[in-house]
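As the structure lists them, so they are numbered: ligands from 1, and atoms in each ligand from 1. None of the values given here were measured: they were computed from a predicted structure.
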Amino acid sequence: MPKMRAIQVSRPQGPFEMVEREIPEPGAGSVRIKIQACGICHSDSLVKEGGMPGIAYPRIPGHEVIGIVDAVGPGVAGWKPGQRAGIGWNGGYCGYCGACRRGDFFACQTSTLITGLTSDGGYAEYMIARAEALARVPEELSAVEAAPLMCAGITTFNSLRNSGARPGEVVAVLGLGGLGHLGVQFAAKLGFKAVAIARGQDKEPLAKSLGAWRYIDSKAQDPAAELSKLGGAKVVLATVTAGDAMAAVLGGLGINGTLLVVGAAASLTLSPAQLLGGRHSIKGWYSGTSIDSEDTLAFSALTGVRPMNEVFSLERAAEGYERMLSGKARFRAVLTTGN
Ligand SMILES: [Zn+2]
Ligand SMILES: [Zn+2]
């Protein structure tokens, strides 16, 4: 049997192990992807550290995957070997449950399929993916460029485009990391007055180079007061994982403004009275499904939005993961297989 290299985690808090495994065969409704690149996302820590109950180990993490369809299982329509494909967090959906029939495929009620968590993911040379979870990848994007768009990209693009903000309105992006550096680019290219909020004056040139209209240094300035001076934000996209940083911008929302949360903070403390006068709301956002990924890739190819990446070969997965965890990666760590 032909073999592949893969990085697996055998138990919660266990090390990344480089192993040889048999190349898997796609079953009904699935394809095999010959993987070229896979981004390292903070959510990979759910596998590495054991943050989610029910994960079957050993598990190959990774849900920012770009590659080439290499084999097609029975019953798959629309895909053939040789096509470029990407897969993100959403690992598929049934199509027949109530949520799916209402078009809310992300909330499929019969199965929760998460790439690299409930099935093996992209820290490998090959993986199996359900066909409905695949996105088409435009030629303009390299595999390394496209990979982070499958989670960090879709999360920021899809939340912003569904936020209700209109071109010309003030949209702030809180945080300038893996998600935020893409969020600022998308906000600018979507035609918003993009305001970047981060800690430290040194990040202003970066924010401006990403297309920010204004920059707010939350260490030196009160971000709520500064946003109010700009007329208030229609939307603040919160990409940080600190609840107190989110609470600190609430006062900067404009009338009918929304705090749009995509950062998985542990808690958020606020006074509900703050929400009343301006009819403010707080909303969470799920990244999206394959068609949203495809739209994210196409929009990025069209407008020039690109992630800034640090690239690691597959065998350096542990190093790339540590770099991501340290918060020092500028701005996304991506594994390449050599395929
Ligand atoms: Zn992710
Ligand atoms: Zn369903």
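Around the Zn ion (ligand 2), the two atoms SG of C97 and SG of C100 are separated by an angle of 100°, to 10 degrees. The Zn ion (ligand 2) is the vertex of the angle joining SG of C94 and SG of C108, which measures 100° to the nearest 10°. Taking the Zn ion (ligand 1) as the apex, the angle formed with SG of C41 and NE2 of H63 is 110°, to the nearest 10 degrees.
Donor-acceptor pairing under 3.5 Å is recorded for the side chains of Y286 and N90. Side chain to side chain, Q36 and R84 fail the donor-acceptor criterion of an N or O pair below 3.5 Å. Side-chain polar atoms of D44 and H63 form a donor-acceptor pair below 3.5 angstrom.
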Apply salt bridge (Lys or Arg N to Asp or Glu O under 4.0 Å) to the pair E20 and K3, showing each step before the final yes or no.
CA-CA 6 Å; E20 273 211 333; K3 304 274 201 212; 5.6 Å; no
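For the Zn ion (ligand 1), the N/O/S atoms of C151 include one lying under 2.8 Å.
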